[in-house]
Amino acid sequence: MQAAAEPAMKLRAAGALRYPQVWTCRDPGALTASYGRLFLQRGGEFSHGDAQSLRADGHG
(Lines give C-alpha, C1' and ligand atoms only; values in the text may rest on other atoms or scores of the structure.)
Protein backbone atom coordinates (compact mmCIF):
# COMPACT_ATOMS: atom_id res chain seq x y z
CA MET A 1 0.00 0.00 0.00
CA GLN A 2 1.35 3.38 -0.85
CA ALA A 3 1.54 5.92 1.95
CA ALA A 4 0.02 8.55 -0.33
CA ALA A 5 -3.14 6.43 -0.67
CA GLU A 6 -3.71 6.38 3.12
CA PRO A 7 -1.95 9.42 4.60
CA ALA A 8 -3.68 9.09 8.00
CA MET A 9 -2.09 5.70 8.71
CA LYS A 10 0.70 6.09 11.26
CA LEU A 11 2.02 2.52 11.18
CA ARG A 12 3.44 0.70 8.23
CA ALA A 13 1.17 -2.09 6.99
CA ALA A 14 2.63 -5.60 6.94
CA GLY A 15 0.49 -6.50 3.94
CA ALA A 16 -2.79 -5.90 2.22
CA LEU A 17 -5.46 -7.52 0.09
CA ARG A 18 -6.71 -5.93 -3.08
CA TYR A 19 -10.00 -6.82 -4.71
CA PRO A 20 -9.95 -5.35 -8.22
CA GLN A 21 -13.46 -6.59 -9.01
CA VAL A 22 -16.46 -6.25 -6.75
CA TRP A 23 -19.09 -8.93 -6.34
CA THR A 24 -22.62 -8.91 -5.08
CA CYS A 25 -24.76 -11.27 -3.05
CA ARG A 26 -28.53 -11.63 -3.57
CA ASP A 27 -29.17 -12.78 -0.01
CA PRO A 28 -26.59 -11.56 2.55
CA GLY A 29 -28.59 -13.11 5.39
CA ALA A 30 -28.39 -16.58 3.80
CA LEU A 31 -24.67 -16.10 3.16
CA THR A 32 -24.07 -15.15 6.79
CA ALA A 33 -26.14 -18.12 8.00
CA SER A 34 -24.12 -20.44 5.76
CA TYR A 35 -20.87 -19.12 7.22
CA GLY A 36 -22.31 -19.69 10.69
CA ARG A 37 -23.22 -23.30 9.90
CA LEU A 38 -19.77 -23.92 8.41
CA PHE A 39 -18.17 -22.45 11.53
CA LEU A 40 -20.17 -24.86 13.73
CA GLN A 41 -19.46 -27.85 11.45
CA ARG A 42 -15.74 -27.15 11.79
CA GLY A 43 -15.88 -27.21 15.56
CA GLY A 44 -16.61 -23.58 16.37
CA GLU A 45 -18.85 -22.56 19.23
CA PHE A 46 -21.08 -19.54 19.74
CA SER A 47 -21.24 -17.83 23.11
CA HIS A 48 -24.06 -15.55 24.14
CA GLY A 49 -23.67 -12.76 26.63
CA ASP A 50 -24.62 -9.25 27.55
CA ALA A 51 -22.35 -6.73 25.82
CA GLN A 52 -23.43 -4.10 28.36
CA SER A 53 -21.61 -6.07 31.05
CA LEU A 54 -18.20 -5.98 29.34
CA ARG A 55 -15.49 -4.17 31.27
CA ALA A 56 -11.82 -3.55 30.53
CA ASP A 57 -9.55 -5.56 32.80
CA GLY A 58 -6.16 -4.21 31.73
CA HIS A 59 -5.21 -7.30 29.75
CA GLY A 60 -6.40 -6.27 26.30
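Given the structure is predicted, the values throughout are model-derived calculations rather than measurements. Only heavy atoms go into these numbers, but all of them, side chains included; no hydrogens, no water, no symmetry mates.
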Extract all donor-acceptor atom pairs below 3.5 Å that involve side chains of residues 48-56 and protein atoms in other chains or at least two apart in sequence.
{"residue": "Asp50", "atom": "OD1", "partner": "Gln52", "partner atom": "N", "Å": "3.0"}
{"residue": "Ser53", "atom": "OG", "partner": "Asp50", "partner atom": "O", "Å": "2.7"}
{"residue": "Arg55", "atom": "NH1", "partner": "Gln52", "partner atom": "O", "Å": "3.1"}

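Taking the side-chain contact (heavy atoms from CB on, under 4.5 Å) definition, one finds that Asp27 meets it with Ala30, sequence neighbours left out. With sequence neighbours left out, the ring-ring contact (aromatic ring centres under 6.0 Å, His included) criterion links Phe46 to Phe39. With sequence neighbours excluded, the residues satisfying side-chain hydrogen bond (donor to acceptor under 3.5 Å, both in side chains) with Ser34 are Arg37.
Here Leu38 is tied to no hydrophobic group at all, with no ILVMFWY side chain closer than 4.5 Å. Tyr35 forms part of a hydrophobic cluster together with Trp23, Leu31, judged by ILVMFWY side-chain heavy-atom separations under 4.5 Å.
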